[in-house]
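The next block holds one structure in the form of structure tokens; read it before the comments.
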Amino acid sequence: MFTWFRKRRRRKLLSKPFPTLWRTILNEAVTHYSFLDQQERTQLEQLIQFFIAEKNFEGCGGLEVTDEIKVVISAQACLLVLGLPSFQYHELESVLVYPTTVTLPRLRQSFFDSTPTIVPDNQQILGLASMRGPVILVWDAVINGARHPEHGHNVVYHEFAHILDMRDGSADGTPELYNRKLFQDWVKIFTREFLQLKKAVENGRKSVLDPYGAIHEAEFFAVATELFFDRPLRLQKEIPELYNVLAAYYRQDTAERERRYRQSEKK
């Protein structure tokens, strides 16, 4: 019954044109929107409509939630799932948005609470994710990441990668995979690259991957996701097997998408 109601509501949403103001926000504030072809843009806009209608956005620390905040966050969260077979965020209910970096006390799960989460230890954060929410985001980091993918850091991609990771009930760096071949490739390549990143961090060597990914496998997947969307050409060049397995999971060729965009800019 709930699925039927959701489909009915979504059909009603799509009967209305995508708001002009929202498209203006996408063009001005979300760089990756410009990378998409027309079919991809239309699909992303539909997902944005669903996300904004179905999720509760709350401003915290005195922040007023605006259309810009909702559209920019939704666009980036939905770009991750643009190639996936079904909408991935059904269980997520709320997105809490702070104006700037926030310090949260350590969140301790009760013995009976098995909901997976990525929990910081009383430290300043830019984002925080748990399966059924809320997802916590810091607006100044969100808008900076949306406008400047060349920096290779995107808090929305990072936290929503955690949501995808936790769909199978555990935050272990392995999301729901579609077939045995992909699973085997994922385990082999992610294990190897995670251990190599840990070794590089321990020895003080630089890597294309953020050293934060060496903390544990869940953070490695989130960091790799940021790079896959933000700097795919570099990831494809330096760690091609990691790029390929991420492309197989997300069902998106982000490197080719960026090449196409760069070539169009030169004309």
Side-chain angles (χ1 to χ4, degrees), residues 6 9-36 38 40-82 87-104 118 120 124-164 222 225-226 229-230 261:
R6 181 170 56 235
R9 180 173 58 184
R10 289 182 174 186
R11 284 196 298 269
K12 186 175 181 180
L13 283 170
L14 295 182
S15 69
K16 302 176 182 178
F18 191 77
T20 301
L21 173 61
W22 291 8
R23 189 170 290 122
T24 299
I25 292 169
L26 290 173
N27 281 308
E28 293 180 351
V30 182
T31 296
H32 281 152
Y33 180 75
S34 301
F35 288 22
L36 306 178
Q38 189 54 54
E40 291 169 331
R41 290 185 187 188
T42 298
Q43 184 181 355
L44 181 64
E45 289 175 358
Q46 292 175 352
L47 292 176
I48 291 169
Q49 286 177 284
F50 299 156
F51 194 96
I52 290 176
E54 295 173 4
K55 309 306 174 189
N56 179 42
F57 286 81
E58 297 182 30
C60 304
L63 182 68
E64 178 183 354
V65 174
T66 62
D67 277 1
E68 181 184 30
I69 288 174
K70 290 190 286 187
V71 170
V72 170
I73 291 173
S74 301
Q76 294 174 94
C78 292
L79 181 59
L80 262 63
V81 300
L82 195 63
F87 202 64
Q88 303 288 302
Y89 305 133
H90 288 321
E91 296 187 21
L92 176 66
E93 295 181 357
S94 299
V95 179
L96 308 186
V97 190
Y98 285 84
T100 191
T101 307
V102 61
T103 302
L104 298 179
I118 306 296
Q124 288 189 329
I125 66 165
L126 301 179
L128 181 68
S130 57
M131 182 60 209
R132 292 175 178 82
V135 169
I136 299 173
L137 298 168
V138 168
W139 174 241
D140 58 5
V142 169
I143 191 64
N144 186 62
R147 289 174 173 162
H148 299 287
E150 69 276 9
H151 295 166
H153 297 289
N154 187 296
V155 65
V156 180
Y157 296 159
H158 188 104
E159 299 307 330
F160 279 86
H162 284 319
I163 296 296
L164 296 176
T225 292
E226 290 182 78
F229 283 93
D230 270 352
Y261 174 75

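- For E58 (side chain) and S94 (main-chain N/O), no donor-acceptor pair under 3.5 Å exists by modelled atom type.
- For A75, the side-chain contact (heavy atoms from CB on, under 4.5 Å) test picks out L26, V30, I48, with sequence neighbours left out.
- Interatomic distance, D230 CG to Q76 CD, rounded to the nearest 0.5 Å: 8.5 Å.
- Take E68 and apply the side-chain contact (heavy atoms from CB on, under 4.5 Å) test, not counting sequence neighbours, and it matches I25, A29, T66, V72, W139, I143, R147.
- The salt bridge (charged side-chain N to carboxylate O under 4.0 Å, His left out) test applied to E40 returns R257, R260, not counting sequence neighbours.
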Yes or no on side chain to side chain contact (heavy atoms under 4.5 Å, CB included) for L79 and L36, after CA distance, side-chain angles and deciding distance? CA-CA 10 Å; L79 181 59; L36 306 178; 4.0 Å; yes
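- No hydrogens or angles considered: a donor-acceptor pair under 3.5 Å links the side chains of E45 and Y33.
- Shortest non-hydrogen contact noted between P149 and A146 is CD-O, 4.1 Å.
- Across all their heavy atoms, A161 and A222 have their closest contact at CB-CA, 3.9 Å.
- Panel note: side chain N27, backbone R23; a donor-acceptor pair is recorded below 3.5 Å.
- When all heavy atoms are compared, the tightest approach of Y157 to T225 is O-CG2, 4.1 Å.
- With rounding to the nearest 0.5 Å, the separation of OG1 in T31 from OH in Y261 is 7.0 Å.
- Atom CD of E64 has 12 or fewer neighbouring heavy atoms from other residues, nucleotides or ligands inside a 6.0 Å radius.
- Atoms OG and CD, on S74 and E54 in that order, are 10.5 Å from each other to the nearest 0.5 Å.
- Formation of a donor-acceptor pair under 3.5 Å by the K55 side chain with backbone atoms of L92 is found in this model.
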What verdict does the side chain to side chain contact (heavy atoms under 4.5 Å, CB included) test give for I69 and L63, after you've listed the backbone C-alpha separation in whole Å, the side-chain angles of each residue and the deciding distance to 0.1 Å? CA-CA 10 Å; I69 288 174; L63 182 68; 3.8 Å; yes
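- Separation of atoms NZ (K70) and CZ (F51) is listed at 11.5 Å; rounding is to 0.5 Å.
- At least one donor-acceptor pair closer than 3.5 Å links the side chain of E226 to the backbone N or O of N154.
- Under the 3.5 Å distance criterion, the side-chain polar atoms of H32 are matched with a main-chain donor or acceptor of F229.
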Could you go through the side chain to side chain contact (heavy atoms under 4.5 Å, CB included) check for L164 and Y89 one step at a time? CA-CA 8 Å; L164 296 176; Y89 305 133; 3.9 Å; yes
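- Taking CG of L82 as the start and CD of Q46 as the end, the distance is 10.0 Å to the nearest 0.5 Å.
- Taking CZ of R41 as the start and CZ of F35 as the end, the distance is 11.0 Å to the nearest 0.5 Å.
- Side-chain contact between V138 and V155: absent, with no pair of heavy atoms (C-beta onward) separated by less than 4.5 Å.
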Passes side chain to side chain contact (heavy atoms under 4.5 Å, CB included), Q49 versus W22? Steps please. CA-CA 10 Å; Q49 286 177 284; W22 291 8; 4.2 Å; yes
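- Put simply, the side chain of C78 does not reach to within 4.5 Å of the side chain of F50, judged on heavy atoms.
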